[in-house]
Protein chains: 2
Amino acid sequence: MEDMTSSSPAPTPASRTRPDLATELRITVQRLSRRLRAESDPGDLGEAQFSVLAGLHHHGPSTPRAIAERESVQPPTMTRTLAYLEKAELVTRTDHPTDGRQVVIELTAAGADLVKETRRRRNHWMAQHLRGLSADERATLTDAVTILRRVMDL
Amino acid sequence: MEDMTSSSPAPTPASRTRPDLATELRITVQRLSRRLRAESDPGDLGEAQFSVLAGLHHHGPSTPRAIAERESVQPPTMTRTLAYLEKAELVTRTDHPTDGRQVVIELTAAGADLVKETRRRRNHWMAQHLRGLSADERATLTDAVTILRRVMDL
DNA sequence: TATTGTTATACTCTATAACTATA
DNA sequence: TATAGTTATAGAGTATAACAATA
């Protein structure tokens with residue numbers, strides 16, 4: 001019980017052409033992104049919050065502006081996210097040593113732990129779905145990730 | 001001007017191990033999803049709204065519940081999105097012929113046009129980034145989309 | 001009782017505009 | 001002037017809980 005109105009026998013409508021790669025990729029990425037959110041535990045960090053933490057774990061201490069650019073959001077958005085993370089004691093904020101305008105955001109030990117633990121949990125759903133794949137299929141996905149990162153400048 | 005604090009010469013921190021495929025894929029999908037949003041025109045439909053319209057274009061008339069399941073959201077979320085789309089005259093709402101509890105949502109002509117036009121515009125940024133790829137690389141991405149759709153049940 | 005859909009409410013994520021402080 | 005960051009404000013997207021109508 002999840003598709004049509006149950007009175008119409010699925011007469012696939014007007015546009016039943018196969019879209020091009022850009023369309024397919026765009027739609028697939030967005031659907032998968034939404035699905036990943038739907039599968040996340042309640043009480044988890046939000047996606048944006050986790051992504052900031054993971055970025056700090058990977059790149060080390062950064063300024064709010066640098067983080068905003070990495071995350072493709074505007075500075076006020078990052079101000080808000082960082083305020084939350086700081087209040088939760090997952091990051092610290094210190095003045096920049098030489099430039100009084102800047103501040104430096106750094107992961108706390110608790111933040112680093114949370115990255116590792118959350119990553120483990122978040123991977124579970126995806127890893128389960130990946131489990132049945134052949135070596136070839138996994139290689140295709142690995143290559144696709146590499147291509148996307150390069151070409152989309154991710 | 002976008003990376004470190006400019007005083008530390010990027011001493012990549014603690015965790016410089018290459019994560020597994022599940023992690024890489026998860027992060028890549030979420031970053032790309034955010035980037036796609038950041039590149040969309042202001043005044044555009046939101047992602048969720050467009051996705052509902054595109055789903056109707058592809059699957060034909062559907063009940064709110066069916067759409068909510070397709071989109072991986074809860075029914076109240078879909079109520080809200082559909083109210084917006086109906087007010088904008090992009091979809092119509094009619095009573096189900098035999099089940100008084102259900103309603104049937106259908107694309108209007110304006111809605112169908114908007115799907116086509118928006119799809120064309122939304123593909124632009126992605127298509128540009130895909131343009132330089134070799135035939136092999138494009139084939140890898142096409143295969144990856146097929147695999148993801150199948151295995152993630154998208 | 002079970003299902004469909006809505007209303008009420010709240011939280012996350014995002015943006016633009018306008019401001020302060022520093023360079 | 002230009003840059004880094006914040007505050008104020010608004011809007012989209014999402015969820016859970018509680019409800020009404022229908023099956």
Side-chain angles (χ1 to χ4, degrees), chain A residues 1-7 30-31 33-53 62-69 71-88 91 93-105, chain B residues 1-7 30-31 33-53 62-69 71-88 91 93-105:
Chain A
M1 77 285 261
E2 70 173 316
D3 206 11
M4 298 279 74
T5 56
S6 92
S7 61
Q30 282 164 179
R31 290 245 159 121
S33 169
R34 182 173 299 138
R35 182 68 74 82
L36 280 165
R37 179 188 307 147
E39 298 296 335
S40 75
D41 286 348
D44 243 11
L45 281 180
E47 289 300 332
Q49 295 164 359
F50 173 64
S51 188
V52 167
L53 249 38
S62 315
T63 65
R65 184 156 301 259
I67 303 172
E69 285 175 8
E71 299 292 331
S72 298
V73 298
Q74 295 301 311
T77 300
M78 194 47 60
T79 292
R80 202 181 192 281
T81 300
L82 292 175
Y84 177 91
L85 294 174
E86 191 185 8
K87 193 170 164 193
V91 304
R93 171 193 311 265
T94 57
D95 291 340
H96 191 282
T98 62
D99 186 336
R101 297 169 303 181
Q102 298 187 48
V103 296
V104 178
I105 306 295
Chain B
M1 78 285 262
E2 71 173 314
D3 206 11
M4 297 278 74
T5 56
S6 91
S7 62
Q30 282 166 176
R31 291 245 158 121
S33 169
R34 182 173 299 139
R35 183 68 75 82
L36 280 164
R37 180 187 306 147
E39 297 296 334
S40 76
D41 287 347
D44 243 11
L45 281 180
E47 289 300 333
Q49 295 164 359
F50 173 64
S51 188
V52 168
L53 248 38
S62 315
T63 65
R65 183 155 303 257
I67 303 172
E69 285 175 7
E71 300 292 330
S72 299
V73 298
Q74 295 302 310
T77 300
M78 194 46 60
T79 293
R80 202 177 192 284
T81 300
L82 291 175
Y84 177 91
L85 294 174
E86 192 185 7
K87 195 170 164 194
V91 304
R93 172 193 310 265
T94 58
D95 291 339
H96 191 282
T98 62
D99 186 337
R101 297 169 302 181
Q102 300 187 47
V103 296
V104 178
I105 306 294

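No experiment lies behind these values; they were computed from the predicted model shown. Order of the sequence lines fixes the chain letters, A, B, ..., with proteins taken first and strands second; residue numbering starts at 1 for each chain.
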Options C:dT4, C:dT7, D:dT6, nucleotide nearest the side-chain atoms of B:Arg65: C:dT4

Separation of D:dG13 C1' from B:Leu82 CG (nearest whole Å): 13 Å

5′-ward residue of the pair A:Gln49/B:Met78 relative to DNA chain C: B:Met78

Between P of D:dA4 and CD1 of A:Ile67, the distance in whole Å: 14 Å

All salt bridge (charged side-chain N to carboxylate O under 4.0 Å, His left out) counterparts of B:Glu86, not counting sequence neighbours: B:Arg93

Exercise: identify the closest heavy-atom pair between B:Ile67 and B:Ile105: CD1-CB, 4.1 Å

Protein-nucleotide distance (A:Asp44, atom CG; C:dT12, atom C1'), rounded to Å: 13 Å

Atom pair distance, as rounded to whole Å: NZ in A:Lys87 and P in C:dC11: 11 Å

Partner set under side chain to side chain contact (heavy atoms under 4.5 Å, CB included) for A:Ala48, not counting sequence neighbours: B:Arg34

Residues that A:Pro76 engages under side chain to side chain contact (heavy atoms under 4.5 Å, CB included), provided they are two or more places apart: A:Gln74

Nearest-angstrom distance from the residue atom CD of B:Glu47 to C1' of C:dA15: 15 Å

Sugar-phosphate or base contact per nucleotide [nucleotides 14-23 of chain D; S, B, -; heavy atom under 4.0 Å]: BBBB----BS

Non-neighbouring partners of A:Arg101 that pass salt bridge (charged side-chain N to carboxylate O under 4.0 Å, His left out), sequence neighbours left out: A:Asp99

Interatomic distance where CG belongs to B:Leu45 and P belongs to D:dG11 [whole Å]: 17 Å

OP1 or OP2 of C:dT6 under 4.0 Å from side-chain N/O of B:Arg93: yes

Qualifying residues under salt bridge (charged side-chain N to carboxylate O under 4.0 Å, His left out), relative to A:Arg31, sequence neighbours excluded: B:Glu71

Short side-chain N/O contact from B:Gln102 to OP1 or OP2 of C:dT3, under 4.0 Å: no

More than 12 heavy atoms of other groups within 6.0 Å of B:Asp95 CG: no

Rounded distance in Å - CG (A:Asp95) to C1' (C:dA23): 15 Å

Gap between atoms CG and P, on B:Leu36 and C:dT14 respectively (whole Å): 14 Å

